[in-house]
Amino acid sequence: MSLLLEPEPVKHDSFCEETILSLELKHELETKMKENNLIDLFYNIEMPLLSILADMEFAGVSIDVPTLKEYAIVLNEEVDGIEKEIKEMAGVDFNVASPKQLGEVLFDTMELDSKAKKTKSGQYSTSEAVLSKLKGKHEIIQKILDFRSLKKLISTYVEALPTYINEKSGRIHTSFKQAEAATGRLSSINPNIQNIPIRTPQGRYVRKAFIPSDENHTFLSADYSQVELRLMAHMSEDKAMIDAFNHAADFHQATAAKIYKLPIEEVSKDMRSRAKTANFGIIYGISAWGLAERLGISRKEGKELITGYFESYPGVKLFMDKSVEVARKDEFVETVMNRRRYLKDINSSNAIVRSVAERNAINAPVQGSAADVIKLAMIGISNRMKAEGLKSKMLIQVHDELNFDCLKSELDQMKLILREEMENAVKISVPLTVDMGVGENWLQAH
DNA sequence: ACCGTCACG
DNA sequence: ACGTACGTGACGGTT
């Protein structure tokens, strides 16, 4: 694969001389070449990235505190009301926030499910998945789900974020961990800036509080479209998947058309939705049972869906099998930039432990390659911004997304740089595409 | 310090 | 026959 790397790749002695080599020598040279792959990863990606992450942390992101203070009042009133309703419905006074007490109220006192699931520590499970299945049984269930999500928003975000504001800068400075996630992703702590809510309207509103540094700046966001699936298409070399990314307007819809053997126009919303779930499942190392559980369908239907998927994209099945095979032989798998994930459990005699490692063998090259891609893009963007003397600042990375405090006068130039550097970070067999948004805050920009 | 839960990609 | 999808971090409750 040809890669557009900046700075210039480190030069090594050539091990590619066309000589007749003994087996031992050949093995030795192959080992050295693999070591050089890791040296390239270190010097050309991780080291240049280090100072970029330091700059992002130092810059920090501005927070609109009044927005959060007002929102805290609204949410606290709402959660207090819901808590009263829950206790009235249950007919007992208890701590709704205690999973232990809640389980006893729901399953011993109210007897909502005679065969309620228990956790490994012996208490009733009251997880979102369990409660969602009980929604029809009693109106208290929905109230508990609402209570939980509101408490989460208040305690982890709305009331917590202002406490992280640095006195000197007036901004929030996360810490990015560069060598934590097994796949090569970054992680973020104190606060975690990579799990700010977005999926529900109430949660999403928190993003309104992430704002530019002043009136001369705007919030600029750029994210990759389906980068992991595109990397799966590239690494598996599956013809149909590559073709879909090159020509279809909507990849999930195109997948549904193949699985259900229908023309694109006849794909229903439900079929598209199932195909989308199947696409995600593939990245995670799908199982018929897991997929069925996710979709609320029978195991038989789950299996049929997967069969249809592999008939549509046979190269993907081959890639998955090959990844597991390679892992069994080497005890590690690799990304496009030769980042490794070691899988010591891949040959375990415990089937459960082994299965986890097999799914890791499938997922890690995909998730890890996506991490490689955005890291390369960050380096490319940083270099371009320096070369062109720009003052805007890269602030936040969220796995497939980059966010900037963008000087308004630099907006057009920044958008051009982001598109060029992100879409051309690596050359693969399908296009990488980027969506961008601009606004007065993270909510508007996304 | 651990568990259960839930926020994100 | 097993028990279910991959990767993280923060919070409150419990031990």
Side-chain angles (χ1 to χ4, degrees), chain A residues 94-103 117-132 144-145 147-161 163-164 174-177 180-200 202-204 206-207 223-224 226-229 232 277-295 299 302 306 320 333 341 348-368 370-371 374 396-402 442 446:
Chain A
F94 69 107
N95 185 351
V96 184
S98 160
K100 187 168 179 284
Q101 294 181 39
L102 179 66
K117 273 190 195 170
K118 297 212 173 173
T119 66
K120 60 181 171 183
S121 62
Q123 52 176 326
Y124 292 115
S125 170
T126 64
S127 68
E128 203 272 340
V130 168
L131 294 183
S132 281
I144 291 162
L145 290 170
F147 174 90
R148 283 254 183 90
S149 68
L150 285 170
K151 274 282 186 193
K152 184 76 164 189
L153 285 184
I154 295 166
S155 65
T156 307
Y157 304 103
V158 180
E159 289 186 347
L161 285 173
T163 70
Y164 283 98
T174 189
S175 295
F176 288 106
K177 290 205 209 177
E180 180 73 13
T183 54
R185 275 187 173 184
L186 300 179
S187 78
S188 157
I189 58 165
N190 304 324
N192 182 349
I193 206 81
Q194 296 181 316
N195 74 343
I196 304 301
I198 195 168
R199 291 172 189 171
T200 69
Q202 272 183 325
R204 206 181 173 101
V206 171
R207 295 187 172 224
D223 65 285
Y224 281 111
Q226 298 155 340
V227 61
E228 291 188 351
L229 280 170
M232 175 62 94
T277 305
N279 277 327
F280 272 107
I282 287 298
I283 289 171
Y284 297 149
I286 205 159
S287 76
W289 291 267
L291 183 68
E293 181 73 18
R294 274 295 160 114
L295 286 171
R299 286 176 298 276
I306 292 174
M320 292 170 67
V333 289
R341 178 169 185 176
S348 168
S349 55
N350 180 327
I352 298 169
V353 170
R354 193 173 62 242
S355 298
V356 171
E358 287 172 358
R359 291 196 295 274
N360 291 159
I362 294 161
N363 173 261
V366 180
Q367 190 181 122
I374 196 164
I396 297 170
Q397 189 251 43
V398 196
H399 311 306
D400 64 355
E401 167 193 352
L402 294 171
W442 199 358
H446 206 279

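Letters A, B, ... mirror the listed sequences (proteins, then strands); counts begin at 1. All figures in this text were calculated on a predicted structure; none of them were measured in a lab.
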Shortest non-hydrogen separation from A:A97 to A:P99 and the atoms involved: O-CD, 3.2 Å

Test item: A:T163 side-chain N/O and A:A160 main-chain N/O as donor-acceptor pair under 3.5 Å: yes

Step-by-step side chain to side chain contact (heavy atoms under 4.5 Å, CB included) determination, A:E128 to A:L145: CA-CA 7 Å; A:E128 203 272 340; A:L145 290 170; 4.0 Å; yes

Distance in angstrom units between A:E180 CD and C:dG9 C1', rounded: 10 Å

Sequence-distant partners of A:K117, salt bridge (charged side-chain N to carboxylate O under 4.0 Å, His left out), two or more places apart: none

Salt bridge (charged side-chain N to carboxylate O under 4.0 Å, His left out) partners for A:E180, two or more places apart: A:K177

A:R294 CZ: over 12 foreign heavy atoms closer than 6.0 Å: no

Interatomic distance where NZ belongs to A:K177 and P belongs to C:dG7 [whole Å]: 16 Å

Value in whole Å for how far the P atom of C:dT14 lies from CZ of A:F94: 12 Å

Gap between atoms CD1 and C1', on A:I193 and C:dA10 respectively (whole Å): 13 Å

Verdict with reasoning, A:Q194 to A:T174, per side chain to side chain contact (heavy atoms under 4.5 Å, CB included): CA-CA 10 Å; A:Q194 296 181 316; A:T174 189; over 6 Å; no

Between the protein and nucleotides 4-6 of chain C, list the N/O to N/O atom pairs that are separated by less than 3.5 angstrom.
| from | atom 1 | to | atom 2 | distance (Å) |
| --- | --- | --- | --- | --- |
| C:dT4 | O2 | A:S287 | OG | 3.2 |
| C:dA5 | O3' | A:R359 | NE | 3.0 |
| C:dA5 | N7 | A:R294 | NH1 | 3.3 |
| C:dA5 | N1 | A:G281 | N | 3.3 |
| C:dC6 | OP1 | A:R359 | NE | 2.7 |
| C:dC6 | OP1 | A:R359 | NH2 | 3.0 |
| C:dC6 | O3' | A:N360 | ND2 | 2.8 |
| C:dC6 | O2 | A:Q367 | NE2 | 3.2 |

Sugar-phosphate only, base, or nothing, as touched by A:A351 at under 4.0 Å among non-hydrogen atoms: base

Euclidean distance for P, C:dG3 against B:dG4 (whole angstrom): 16 Å

A:E293 atom CD: more than 12 heavy-atom contacts under 6.0 Å: no

Euclidean distance for C1', B:dA7 against C:dC2 (whole angstrom): 31 Å

Where chain A begins and ends its contact with DNA chain B, read 5' to 3' at 4.0 Å from heavy atoms: B:dC3 to B:dG9

Sequence-distant partners of A:R148, side chain to side chain donor-acceptor pair (under 3.5 Å), two or more places apart: A:T126

Length of the line joining A:K117:NZ and C:dG3:P, which is rounded to integer Å: 12 Å

Separation of C:dG7 C1' from A:I374 CD1 (nearest whole Å): 15 Å

Strand DNA chain C in bracket notation, Watson-Crick/G-U under 3.5 Å with | for pairs to another chain: .....|||||||||.

Residues which pass side-chain contact (heavy atoms from CB on, under 4.5 Å) with A:S349, listed by chain and number, not counting sequence neighbours: none

Residue pairs involving residues 185-196 of chain A (criterion salt bridge (charged side-chain N to carboxylate O under 4.0 Å, His left out); sequence neighbours excluded): A:R185-A:E228

Atom of A:L153, atom of A:G203 and distance for their closest heavy-atom approach: CD2-CA, 3.6 Å

Residue list, ring pair (Phe, Tyr, Trp, His ring centres under 6.0 Å) with A:F280, at least two apart or on another chain: none

Touch class at under 4.0 angstrom, heavy-atom based, for A:E228 against every strand present: nothing

Sugar-phosphate only, base, or nothing, as touched by A:A182 at under 4.0 Å among non-hydrogen atoms: sugar-phosphate

A:N95 side-chain N/O to C:dG13 phosphate OP1/OP2 under 4.0 Å: yes

Neighbours of DNA chain B within residues 148-160 of chain A, by heavy-atom distance under 4.0 Å: A:R148, A:S149, A:K152, A:Y157

Proximity to DNA chain C (any heavy atom under 4.0 Å), residues of residues 123-131 of chain A only: none

Sugar-phosphate only, base, or nothing, as touched by A:E401 at under 4.0 Å among non-hydrogen atoms: nothing

A:Q101 side chain to A:V96 backbone, donor-acceptor under 3.5 Å: no

Exercise: identify the closest heavy-atom pair between A:I196 and A:I193: CG1-O, 3.7 Å

Sugar-phosphate only, base, or nothing, as touched by A:N192 at under 4.0 Å among non-hydrogen atoms: sugar-phosphate

Pairing residues for A:N360 by the side-chain contact (heavy atoms from CB on, under 4.5 Å) criterion, not counting sequence neighbours: A:R341, A:L343, A:V356

For the student: nearest non-hydrogen atoms of A:K118 and A:Y124, plus distance: CE-CE2, 3.6 Å

